[in-house]
Amino acid sequence: MGDLKLVERPQNYSLAPETSMQIKANIKVSSTETGVIFGNIVYETSNVMERNVVVLNDIHIDIMDYISPAVCSEVAFRTMWAEFEWENKVAVNTTIQNEREFLDHIIKSTNMKCLTAPSAIEGECGFLAANLYAKSVFGEDALVNVSIEKQTDGALSGYIRIRSKTQGIALSLGDKITLKQKGSS
């Protein structure tokens, strides 16, 4: 999950047969890069005298634990949108058929704040565009633009574009949206 540093190296322990021990290692995280921590537990036994490795496989971190709704001006949003180089474009794929209900579902699923004025997204015109914003606990900005249109069959189509300064937030939020957008609110 981004820039990881082991705060203190755990000391070595010798255990008697049939005993166990819990060891904690503190990890300092300084950015929300990928949402994944990879790790191994390495141990040696006296009988075999070889090193054994238990692969923990990827431990997934939920990016939503590190994202909070935030507010910024329209000018600041547009400036960041133009400056941020990482973009993840997610196609709308949902069973929800109401544009506002879908937007509310995305806001709730991503823990973001809608910056678009309520008066701009009121009514039934078959199209909705809204800007969402959040900040990570590390001060990283996450920008989202939801642009959806109601088709003649009642289904919603369009795209959700995510922009950030770092690739990790854009990818992690995109994955979260892909997983969550099908559900109803």
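Model, not experiment: these values are computed from the prediction.
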**Student:** Nearest 0.5 angstrom please: L132 CG to N111 CG, how far?
**Tutor:**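 With rounding to 0.5 Å, CG (L132) is 11.5 Å from CG (N111).
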**Student:** Between atom OG1 of T178 and atom CD1 of I160, what is the distance when rounded to the nearest 0.5 Å?
**Tutor:**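 Answer for the OG1-CD1 pair, T178 versus I160, is 8.0 Å.
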**Student:** Could you pull out all residues at least two apart from S157 that satisfy side-chain contact (heavy atoms from CB on, under 4.5 Å)?
**Tutor:**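 S157: side-chain contact (heavy atoms from CB on, under 4.5 Å) contacts with E149, Q151.
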**Student:** At their closest point, which heavy atom of Q97 faces which heavy atom of A155, and how far apart are they?
**Tutor:**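 That closest heavy-atom pairing would be NE2-N, 4.3 Å.
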**Student:** Of K165, K135, K113, which is the lone residue that meets salt bridge (Lys or Arg N to Asp or Glu O under 4.0 Å) with D141?
**Tutor:**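 Among the candidates, only K135 passes.
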**Student:** So if you build clusters from Ile, Leu, Val, Met, Phe, Trp, Tyr with side-chain heavy-atom gaps below 4.5 Å, do L143 and Y66 land together?
**Tutor:**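 No, separate clusters.
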**Student:** Would you sort out whether E83 and R163 count as a side chain to side chain contact (heavy atoms under 4.5 Å, CB included), showing the intermediate values?
**Tutor:** CA-CA 9 Å; E83 288 176 358; R163 285 205 181 173; over 6 Å; no
**Student:** So if you build clusters from Ile, Leu, Val, Met, Phe, Trp, Tyr with side-chain heavy-atom gaps below 4.5 Å, do V144 and V92 land together?
**Tutor:**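 Both belong to a single hydrophobic cluster.
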**Student:** Run the side chain to side chain contact (heavy atoms under 4.5 Å, CB included) check on I121 and C114 step by step: do they pass?
**Tutor:** CA-CA 11 Å; I121 51 180; C114 184; 4.3 Å; yes
**Student:** K176 side chain to T110 main-chain N or O, any donor-acceptor pair under 3.5 Å?
**Tutor:**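 The answer is no, because no donor-acceptor pair under 3.5 Å joins these two groups.
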**Student:** What heavy-atom pair brings A134 and I67 nearest, and what distance separates the two atoms?
**Tutor:**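 Looking at all heavy atoms of both residues, the closest pair is CB-CG2, 3.4 Å.
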**Student:** Consider only side-chain heavy atoms of I, L, V, M, F, W and Y, link residues closer than 4.5 Å, and tell whether I107 and V146 are in one cluster.
**Tutor:**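 Yes; V146 is reachable from I107 via cluster members.
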**Student:** Are the side chain of N131 and the backbone of L115 linked by a donor-acceptor contact shorter than 3.5 Å?
**Tutor:**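 Absent.
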**Student:** How far does NZ of K180 sit from NZ of K108, to the nearest 0.5 angstrom?
**Tutor:**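 Rounded to the nearest 0.5 Å, the NZ-NZ separation comes to 9.0 Å.
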**Student:** In chain order, what residues pass the ring pair (Phe, Tyr, Trp, His ring centres under 6.0 Å) check against F77, with sequence neighbours excluded?
**Tutor:**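 Listed in chain order: W81.
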**Student:** Drop me the distance from I177's CD1 to N93's CG, to the nearest 0.5 angstrom.
**Tutor:**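 So the CD1 of I177 and the CG of N93 are separated by 13.0 Å.
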**Student:** Applying the 4.5 Å side-chain criterion to the ILVMFWY set and letting contacts propagate, would F102 and V90 be lumped into a single cluster?
**Tutor:**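 Yes; V90 is reachable from F102 via cluster members.
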**Student:** Does the side chain of I106 reach to within under 4.5 Å of the side chain of M112, using non-hydrogen atoms?
**Tutor:**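 The answer is no; the side chains never approach within 4.5 Å.
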**Student:** Is there a donor-acceptor pair closer than 3.5 Å between any side-chain N or O of Q181 and the backbone N or O of T94?
**Tutor:**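 Checking the backbone N and O of T94 against the side chain of Q181, no donor-acceptor pair under 3.5 Å is found.
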**Student:** Please tell me whether I162 and F84 are part of a single hydrophobic cluster in this structure, the criterion being side-chain heavy atoms less than 4.5 Å apart.
**Tutor:**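 Different hydrophobic clusters.
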**Student:** What's the shortest heavy-atom distance between T116 and A129, and which atoms?
**Tutor:**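 Shortest heavy-atom separation between T116 and A129 comes out as CG2-O, 4.1 Å.
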**Student:** If you measure from the Lys or Arg side-chain nitrogens to the Asp or Glu carboxylate oxygens, is any gap between R100 and D104 under 4.0 Å?
**Tutor:**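 Salt bridge present between R100 and D104.
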**Student:** Just verifying a value: how many Å separate I169 CD1 and N88 CG, rounded to the nearest 0.5 Å?
**Tutor:**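 Answer for the CD1-CG pair, I169 versus N88, is 12.5 Å.
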